[in-house]
Amino acid sequence: MPNDFLSPADQAAAEQQQRLLAAQVVRHDQLPTTIRTVAGVDVAYAQHSDQLVAAAVLLDAATLEIRHTAVVRLGAAFPYIPGLFSFRELPPIQQALAQLPEAPDLVICDGQGLAHPRRFGLACHLGVATGLPTIGCAKTRLVGSYHALGHPRGSTAELVLDGEVVGQALRTQPGINPLFVSIGHRVSLATACHWVLRCAPTYRQPETTRAADHLVNQELHRLLAAALPPAPDGM
DNA sequence: GCGACAG
DNA sequence: ATCTTGTCGC
């Protein structure tokens, strides 16, 4: 019942749902004065399976050390369609987040926030659905255009769509492809970039995403191994 | 009509 | 995202 809005009857209904919920996105800072924990979420799946594996990881915001983790498995209820990504990945992600012993002060998502055709990417959807402050942090662009950015770590370039700044291309490591950061919910674009850069001191991707990615792949491999016929040990 | 298209 | 083998480098 509470998940009805996550499983629209068809594509048109899903898009209408996005237009409706997009009005609820808070684009300014409305998060704790002191951020103590930051969470990462990610999803993985096997091509010939309808099973989605999602993970939520809670990191200490000061040290970036892992404090808690949660992994869940759930059947896919929606196909992957660019622009309707959240209807596929949000259900398992929300379940994983709910399994954490405590709610995070901030969540960094693996996907877009406002940098979306209807200004309602995964990060916005998760934020509005949970009320948590969220940031969109994607590896590639979905919409908008941007100019070349500098090579140093921390260089940025505005991502523009229909004359509106919907995000920022942010270089987290010198000379390495930038990430695409956008507002999810209750976090301004400047603050979002600040936290993504802060969480990515060593690698291109923030530690939150890296930790969640590692967990889902580990769980996926366990699933695949358990599903395959036991290999004969030829000795 | 022809590309582009988060994960 | 997933599939897929080796290769180059710290």
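Letters A, B, ... are given to chains in the order of the sequence lines, protein chains preceding strands, and every chain is numbered from 1.
- Between the A:His116 side chain and the A:Gly83 main chain, a donor and an acceptor come within less than 3.5 Å of each other.
- Counting heavy atoms of neighbouring residues, nucleotides and ligands inside a 6.0 Å radius, atom CZ of A:Arg73 does not exceed 12 of them.
- One atom, NE2 of A:His221, and another, P of C:dA1, lie 13 Å apart when rounded to the nearest Å.
- Spacing between atom CD of A:Gln47 and atom C1' of C:dT4 amounts to 12 Å, rounded to whole angstrom units.
- Atom NE2 of A:His214 sits in a sparse spot, with 12 or fewer heavy atoms from other residues, nucleotides or ligands closer than 6.0 Å.
- Side-chain atoms of A:Arg119 and A:Val143, non-hydrogen and from C-beta on, never get closer than 4.5 Å to each other.
- Taking both residues in full, the closest heavy atoms of A:Asp105 and A:Thr34 are given as OD2-O, 3.9 Å, listed atom of the first, atom of the second, then distance.
- At least one donor-acceptor pair under 3.5 Å links the side chain of A:Arg198 to the backbone N or O of A:Ala61.
- In this structure, the side chains of A:Leu197 and A:Arg153 come closer than 4.5 Å at one or more pairs of heavy atoms.
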> Tell me, what's DNA chain B's dot-bracket, Watson-Crick or G-U with both distances under 3.5 Å, | for other-strand, [ ] crossing?
Replying inline: .......
> With the sugar-phosphate defined as primed atoms, P, OP1 and OP2, and the base as all remaining atoms, what B/S/- string results for nucleotides 1-7 of chain B, 5' to 3', for protein heavy atoms under 4.0 Å?
Replying inline: ---SBBB
>> Output the pairing pattern of DNA chain C as a dot-bracket string, 5' first, Watson-Crick or G-U wobble with both distances under 3.5 Å, | for cross-strand pairs, [ ] for crossing pairs.
In response: ..........
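- Using a 4.5 Å cut-off on side-chain heavy atoms (C-beta onward), A:Leu64 and A:Cys199 make contact.
- Residues A:Pro104 and A:Thr37 share a closest heavy-atom pair of CA-OG1, 3.4 Å.
- One can place CG of A:Leu220 at 12 Å from P of C:dA1, the figure rounded to the nearest angstrom.
- Counting non-hydrogen atoms of other residues, nucleotides and ligands closer than 6.0 Å to CZ of A:Arg19 gives a total above 12.
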